[in-house]
Amino acid sequence: MSAIVNAYIDGDDEHIVLVQRDEAGARITHRVLADYAIYFRNGEVPGDWLRKWRRDPSCRGYRAEGEWLRTRWRGWNARRFILSIAHEEGIETFEGDCNPVKRWMADHPDVTIQAPRRAYVDIETDSRVGPKQAREEGARILTWCVMGEDGSYEVGVLEEDTDAAERVLLRAFYQAMMPYDQMVAWNGDEFDFPIIGKRTKERRLGGGIPRLWLKMDHMVLYERMNLQVAESGDEKQSYALNAVGHAQLGIGKQDFDARKTFQAWDAGGDSLDALVDYMVMDTNLMRGIEAKTGYLKLHQTVAEICGLFPDSWALLPTAQMDAFLLRLGRRRGVHFPTTTRAEKTYDENKYRGSYNKDPPERAGILRNVHVVDFSSMYPSIMVSWNMSYETKVPGPVNGPVPAGMCRTPKTGVCFTTSHTGIIPEALEFFLAKRKEMSARRANCAPGTPEAHDAERWTNGYKVVPNSFYGAQGNAGCRFHRREVAESVSQTGAWLAEKTEWALRERYPGCSVIYVDTDGLWMVGITRDDIEEAVRWLNESFYPKLLADCGCKKNIVKLAYEKEFELLVFIKAKNYVGKFRHYKGKAAVAGSKPEIKGIAYKRGDHTQLTRDFQAEIIDLLMGGMGASKTPGPTEDLALYEEAVGRWRTRILEEPLSIEQIQTVKGLSKCVCFDEKCRAGEHYSTRKSTKGKTVESPPHVRIGRVLKARGEDIGPGSRIAYYVSDGARKPQGVEPACDYTGKCDRNHLWGEVVWPPTQRLLESAFPQHDWRPFNAPKREKVAVDRTEPLPTLPKKPPRRMPESPSGTLFH
DNA sequence: ATCTGTGGCTGTCTGA
DNA sequence: TCAGACAGCCAC
């Protein structure tokens, strides 16, 4: 057995099924005994327990494996009982939580994961059943589509509205799925998979969707992957398939009304054809999105690296880390603690994190700003300080670092240097593999299959280690140690501070104006000096710094990343900049500016806010394609014209709902039912006067929609608009109720203008932008004696003088 | 099969 | 007018 495509626990819980594709593509399955194992340290189990286990029918046996004792149990319950008595006696157990599939994969670390034959799947269900009911109780499946990666597809249509016909339909569906191993569906985890599963059970075709197929939610994958690369907030407003199809492929909305699926099916003929066409188009959209993004391919690579099967579960960082390290541990002959339920909530467990230095306030347009950053900061720290849950050793917090250990400066936590920890070892493995694959790619002719393959592995080996720090900071992770996680982030903060001071000392004119975690932003220094500084830091400064901590290794590395020709800071994590060069490549005329944090990037602002801000950014930096007179320009008349035009537009001209709606996600259940088991609910706290505090607007609207029978719950996105901003609480309405009237005064004065006002006040602090504020509500803009609003009390921080004199314009 | 982290900004709602 | 609780989203 060298490669498998899937494995699952068989119905009897006593076996697991290994699924394989042979060279001809035929599916082969093997049944092997399911192993419910617990490891102990040899010698830690009392002799009378071992004698008892020999006669215990729930014990399948035990054997010594080096310094470990491996015990095997007859099923979940038998194992759970042994874990609990061991826990009571204070005897450490290892890997006692692993299900038999995870156990088998860990026991066979050389078995690789085959690429599954992928089918994109979509179903249409009876629209007379509301979406909520459909998800919870099921709804009649009317049609299905199964599409292969080559675009060939099969379609099934319900013959008549009876259970017997649905049974036939489902049988045909599974028949169509037989050539495939993986079922990919958009929002499948919440819709298609549970519904297909329920109907399968009700029609007595099985207990649910057979485990033979890997279930993969394409939408969840897309959301995770696209979060970091989305250019503007437009892409984040909706993850509905047609919205993503539009964003990625420019495909327009289809004219089929998805709320009328039953009528279309019932009418038959052309109506039914339209329904089927619509479904096939949707299925094909997923194929198009994958062709454009390659996210499924990357996920497949990550799964292969970790030893996981590519389903929705394999997206979780803890699952990836756990699977990879269990296999690495098996190769090294080590085993890891049994994972138990985390007891405390996350908030109670928060530890100190990254370092942020505030940027200068209202400093105008900055010029020639250079940025250096640490390459893979947290992984490099974990390797250099040998940080792992099991390498932590007792040692002095202050004073000289004893031999055989290294110490983190801010937390005083010591780690042994006598042997490499399992996490640093894994990280070094990824680094080496990435380097190897990157070199292979460079040696392949571009565009060849070999080059693409090397590219795929390069990306996979880059992605996997990135989540290790976060995963081990999670209380539910097998490798979690709070002090270790904090030591990683605090050592990062320390390195950034040390770098800041070193630069200041070595280059008196240089000023570090902003720091966020692993990036340092500076002015008053030339490109040549920075490159020299980076060399000096890497070759001399960090080696000494780390040696003083007792580190035996040092892979901490700073890199010169980019220079901004122009830069405007609004606040920490909020800025707009025009590149001069980025990673060695010079910017060209019309290069897109870098935009971070501000309204333009956010999915929870109105489209008007984003479009307006895009036009102003185009004046400031160019490259947005949003203004007739793209900048960079400092001609204030151009800005005033644009602001005035937008102000008039919003106060007076017709506005569509798409332009004015705010979209926010719900993170909790909106109901008031105390018996509801849906997890967390929104707080119903009382004010100090004993009055019930109103919920936020999107929660109130969520309740309205739920009362109308819509499927509203955690994860739902709520679109609403403000109809009366003066009322308390605000008058808000569901976006679907819009009839063309909204509170324009509020829209301009509270929603659209402020984010861009802050941008303009940051770029042109001397200019007074208040005349563009919304008209006063009571008396409209005639009362000249009205006192002007007071300016912020805090004096703006002064920018340090730059020797070149290019800092201020 | 509960399960990446912390830091930071902006908005609403409330009462002082 | 402002601070503090709560909430969502974004930068690392």
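Every value quoted in this text rests on a predicted model; they were computed, and no experiment measured them. Just so it is clear: chains get the letters A, B, ... in the order the sequence lines come, proteins before strands, and each one is counted from 1.
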Just how far, in rounded Å, is [atom2] of [N] from [atom1] of [X]?
X        : N      : atom1 : atom2 : answer
A:Leu308 : B:dC3  : CG    : P     : 13 Å
A:Lys573 : B:dT10 : NZ    : C1'   : 15 Å
A:Trp313 : B:dT4  : CH2   : C1'   : 12 Å

query: With A:Lys571, which residues qualify under side chain to side chain contact (heavy atoms under 4.5 Å, CB included), at least two apart?
result: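 A:Lys571 satisfies side chain to side chain contact (heavy atoms under 4.5 Å, CB included) with A:Asn574 only.
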message: Working note: A:Glu497 + A:Lys357, criterion salt bridge (charged side-chain N to carboxylate O under 4.0 Å, His left out); need CA distance, chi angles, decisive distance, verdict.
response: CA-CA 10 Å; A:Glu497 282 168 1; A:Lys357 181 191 173 97; over 6 Å; no
With a 4.0 Å limit, can you tell me whether [X] has a side-chain N or O closer than that to the phosphate oxygens OP1/OP2 of [N]?
X        : N     : answer
A:His698 : C:dG8 : yes
A:Ser683 : C:dA7 : yes
A:Asn474 : B:dG5 : yes
A:Ser489 : B:dT6 : no

message: Closer than 4.0 angstrom, basic N to acidic O: yes or no for A:Asp97 and A:Arg478?
response: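 Here A:Asp97 pairs with A:Arg478 in a salt bridge, since their nearest N and O are under 4.0 Å apart.
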field: Residues A:Asp234 and A:Arg610 bridged, charged N to O under 4.0 Å
entry: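 Looking at A:Arg610 together with A:Asp234, the answer is yes, because their closest N to O distance falls below 4.0 Å.
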query: Now, which nucleotide makes the Watson-Crick or G-U wobble pair with C:dG4, with each of the two distances under 3.5 Å?
result: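 Base partner found: B:dC13.
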query: For B:dT4, which nucleotide in any strand shown is its Watson-Crick or wobble partner with both distances under 3.5 Å?
result: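 Pairing partner, where one exists within any strand: none, as none qualifies.
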Taking any heavy-atom pair under 4.0 Å as a contact, classify [X]: base, sugar-phosphate, or nothing.
X        : value
A:Tyr351 : sugar-phosphate
A:Gly353 : sugar-phosphate
A:Tyr575 : sugar-phosphate
A:Tyr682 : sugar-phosphate
A:Lys236 : sugar-phosphate
A:Ala572 : sugar-phosphate

- request: Would you mind building the protein contact string for nucleotides 11-16 of chain B? One character per nucleotide, 5' to 3', B for base within reach (heavy atoms under 4.0 Å), S for sugar-phosphate only, - for untouched.
  value: SSSSSS
query: Under 3.5 Å, is there a donor-acceptor pair between the A:Asn773 and A:Arg770 side chains?
result: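 Looking only at side-chain atoms, A:Arg770 and A:Asn773 do not form any donor-acceptor pair under 3.5 Å.
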message: Between A:Arg703 and A:Ser695, do the side chains contain a donor N or O and an acceptor N or O under 3.5 Å apart?
response: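 Yes, A:Arg703 and A:Ser695 have a side-chain donor paired with an acceptor closer than 3.5 Å.
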- prompt: What are the residues of residues 314-328 of chain A, sorted by number, that bring a heavy atom to within less than 4.0 Å of DNA chain B?
  reply: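 Contacts with DNA chain B under 4.0 Å: A:Leu316, A:Pro317, A:Thr318.
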message: Take a 6.0 Å sphere around CZ of A:Arg79 and say whether it holds more than 12 heavy atoms from other residues, nucleotides or ligands.
response: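 Enclosed.
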task: In sequence, state the C-alpha distance, the side-chain angles, and the governing distance for A:Asp322 and A:Lys102, and then conclude on salt bridge (charged side-chain N to carboxylate O under 4.0 Å, His left out).
output: CA-CA 9 Å; A:Asp322 209 41; A:Lys102 192 187 257 192; 2.5 Å; yes
